[in-house]
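All values below were derived from every heavy atom in this structure, side-chain atoms included, with hydrogens, water molecules and symmetry-related copies excluded.
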Amino acid sequence: MRLFAGVAALPLAVAALALACNSDGVTGPREETFDWSGQIVQGNRIEIKGIIGGIIASATTGNEVVVSGVKRGTDSDPASVRIVVLTHAEGVTICALYPDVPGRPPNECLPGLAGSMSKDEDNDVEVTFTVSVPAGVDLRGQTVTGSLDAAGLQSDVEFLTVTGDVLVTTTEVAEATVVTGNIIASIGLLGFGDDLSFAAVTGNVSVTIPTATNADVQLSTVTGTVTSDFALNQTPGGLAGTLGSGGATLNLATVTGNVSLLSGS
């Protein structure tokens with residue numbers, strides 16, 4: 001089979017070649033990998049912070065946290081993004097640090113919401129992290145553009161993304177915040193000490209909890225429907241009520257989308 005038919009196809013071939021070439025002359029997408037492993041005591045956390053790219057987490061029967069990363073770039077060099085590992089009193093934080101942007105604070109990897117992480121809009125490097133999490137080690141993940149997925153964990157989970165979906169399954173507790181995307185979570189524990197929130201701006205929020213959970217519940221949406229497997233009271237913004245003996249607040253909220261609270265085993 002002929003790849004191009006005649007002279008008329010030549011401009012298309014030239015255009016395709018131009019699109020495939022990186023700014024430094026290297027043709028086609030490129031990638032680099034990153035690997036880290038180490039022990040984190042139960043109750044401390046492994047934290048992943050990125051800008052473009054998602055996080056995929058799963059449980060491990062071992063006692064080591066294992067983190068793998070893949071940096072992919074088409075127009076930008078994957079080597080322009082540094083993976084920084086920071087060990088601190090509360091565990092380990094791993095950041096994907098892009099080159100500093102003129103006029104903005106220098107990028108710095110620090111735990112939680114501290115530090116500074118930004119990138120030039122022309123840098124197209126995407127960093128995808130895969131994490132194996134032992135039981136009892138907390139997981140925190142954040143990105144700007146990318147989905148966050150944690151399946152079958154025995155860990156507390158906190159996820160934040162601007163654009164992307166969140167999927168969490170854990171026997172412990174979890175929280176999630178999304179601007180544009182859906183949240184689907186299944187959490188455990190019959191009673192918990194701290195308030196939990198699952199919030200989106202544009203997207204559906206669906207959370208499954210044990211039938212015998214003790215909590216004060218608030219479900220709300222501006223544009224959408226609110227449903228619950230539990231008997232709750234109608235409120236101006238949705239549904240609310242007390243499950244079991246009550247306790248900390250479980251808040252499910254979105255602006256545009258549906259909210260559902262489901263009963264698990």
Side-chain angles (χ1 to χ4, degrees), residues 21-26 28-40 44-57 65-133 137-150 155-166 168 175-181 197 199-201:
C21 287
N22 296 284
S23 59
D24 58 6
V26 179
R30 294 167 293 173
E31 69 176 42
E32 289 185 354
T33 59
F34 161 84
D35 294 287
W36 177 88
S37 62
Q39 292 189 3
I40 298 177
N44 281 6
R45 70 172 181 264
I46 176 66
E47 178 179 39
I48 308 296
K49 301 173 70 172
I51 295 181
I52 301 179
I55 300 170
I56 302 171
V65 176
V66 179
V67 180
S68 299
V70 179
K71 301 185 291 181
R72 295 185 178 91
T74 299
D75 295 323
S76 303
D77 187 354
S80 67
V81 179
R82 296 183 297 122
I83 307 298
V84 176
V85 179
L86 175 67
T87 300
H88 49 86
E90 297 177 345
V92 174
T93 297
I94 298 178
C95 304
L97 288 188
Y98 289 72
D100 293 341
V101 179
R104 300 181 188 175
N107 288 330
E108 184 179 15
C109 183
L110 291 176
L113 298 179
S116 177
M117 295 185 63
S118 63
K119 79 172 193 68
D120 187 286
E121 62 181 13
D122 292 330
N123 193 312
D124 72 347
V125 175
E126 176 179 321
V127 185
T128 301
F129 289 98
T130 302
V131 190
S132 297
V133 187
V137 175
D138 297 344
L139 170 65
R140 184 183 187 277
Q142 72 176 58
T143 188
V144 175
T145 302
S147 295
L148 307 175
D149 187 336
S155 310
D156 291 354
V157 180
E158 181 184 4
F159 274 162
L160 301 91
T161 182
V162 175
T163 303
D165 295 328
V166 168
V168 177
E175 289 191 283
T177 302
V178 172
V179 175
T180 302
S197 174
V201 175

S.K.: If every non-hydrogen atom of Val66 is compared with every non-hydrogen atom of Ser37, which pair is closest and at what distance?
M.R.: CG2-CB, 4.1 Å
S.K.: Out of curiosity, Lys71 NZ to Glu32 CD, how far, rounded to the nearest 0.5 Å?
M.R.: 4.5 Å
S.K.: Taking atom CD1 of Ile48 and atom CD1 of Ile56, what is their separation to the nearest 0.5 Å?
M.R.: 12.5 Å
S.K.: Looking at Val67, Ile94, Thr93, which hits side chain to side chain contact (heavy atoms under 4.5 Å, CB included) with Val85?
M.R.: Ile94
S.K.: When you compare the side chains of Asp165 and Ser147, does any donor N or O come within less than 3.5 Å of an acceptor on the partner?
M.R.: no
S.K.: Given Val179, which partner from the list Leu160, Val162, Thr161 fulfils the side chain to side chain contact (heavy atoms under 4.5 Å, CB included) test?
M.R.: Val162
S.K.: To check you understand the geometry: which heavy-atom pair defines the closest contact between Ile55 and Gly141, and what is its length?
M.R.: CD1-CA, 3.8 Å
S.K.: From the options Leu148, Leu113, Thr177, select the one residue that forms a side chain to side chain contact (heavy atoms under 4.5 Å, CB included) with Gln142.
M.R.: Leu113
S.K.: Find out whether Leu97 and Cys109 are in side-chain contact, i.e. whether some heavy atom of one side chain is under 4.5 Å from a heavy atom of the other.
M.R.: yes
S.K.: Minimum heavy-atom separation for Asn44 to Gly91, with atom names?
M.R.: ND2-N, 3.8 Å
S.K.: For Asn107, what residues pass the side-chain hydrogen bond (donor to acceptor under 3.5 Å, both in side chains) criterion, not counting sequence neighbours?
M.R.: Ser118
S.K.: Looking at Ile52, is its backbone amide N or carbonyl O close enough to the side chain of Thr145 to form a donor-acceptor pair, meaning the two atoms are under 3.5 Å apart?
M.R.: no
S.K.: How close do Val65 and Trp36 get, counting heavy atoms only, and between which atoms?
M.R.: O-CZ3, 3.8 Å
S.K.: Distance from Glu158 atom CD to Ser197 atom OG, nearest 0.5 Å?
M.R.: 10.0 Å
S.K.: For a quick test of reading the model, state the closest non-hydrogen atom pair linking Gly164 to Val178 and the distance between them.
M.R.: O-CG1, 3.4 Å
S.K.: Is the shortest heavy-atom distance from the side chain of Val137 to the side chain of Leu139 under 4.5 Å?
M.R.: no
S.K.: Once you round to the nearest 0.5 Å, how far does OH of Tyr98 lie from CZ of Arg82?
M.R.: 13.0 Å
S.K.: Taking the side chain as C-beta and beyond, is there a heavy-atom pair between Glu47 and Pro111 under 4.5 Å?
M.R.: yes
S.K.: Flag the pair Lys119 / Val144 as yes when at least one side-chain heavy-atom distance between them is below 4.5 Å, and no otherwise.
M.R.: no
S.K.: Determine whether Val81 and Phe34 make a side-chain contact, defined as any pair of heavy atoms from C-beta on separated by less than 4.5 Å.
M.R.: no
S.K.: If I compare all heavy atoms of Pro78 with all of Gly73, which pair ends up nearest, and what's the gap?
M.R.: CG-N, 3.8 Å
S.K.: Check salt bridge (charged side-chain N to carboxylate O under 4.0 Å, His left out) between Lys49 and all other residues, then give those that pass, not counting sequence neighbours.
M.R.: none
S.K.: Tell me whether Asp124 contacts the main-chain N or O of Ser76 through its side chain, where contact means a donor paired with an acceptor under 3.5 Å.
M.R.: yes
S.K.: Quick check against the 3.5 Å criterion: does Thr143 have a side-chain atom that pairs as donor or acceptor with the backbone of Gly53?
M.R.: yes
S.K.: Considering only NZ, NE, NH1 and NH2 on the basic side and carboxylate oxygens on the acidic side, decide whether Arg72 and Glu126 come within less than 4.0 Å.
M.R.: no
S.K.: Who are the salt bridge (charged side-chain N to carboxylate O under 4.0 Å, His left out) partners of Glu90, not counting sequence neighbours?
M.R.: Arg45
S.K.: Side-chain contact, heavy-atom cut-off 4.5 Å: Asp120 with Pro99?
M.R.: no
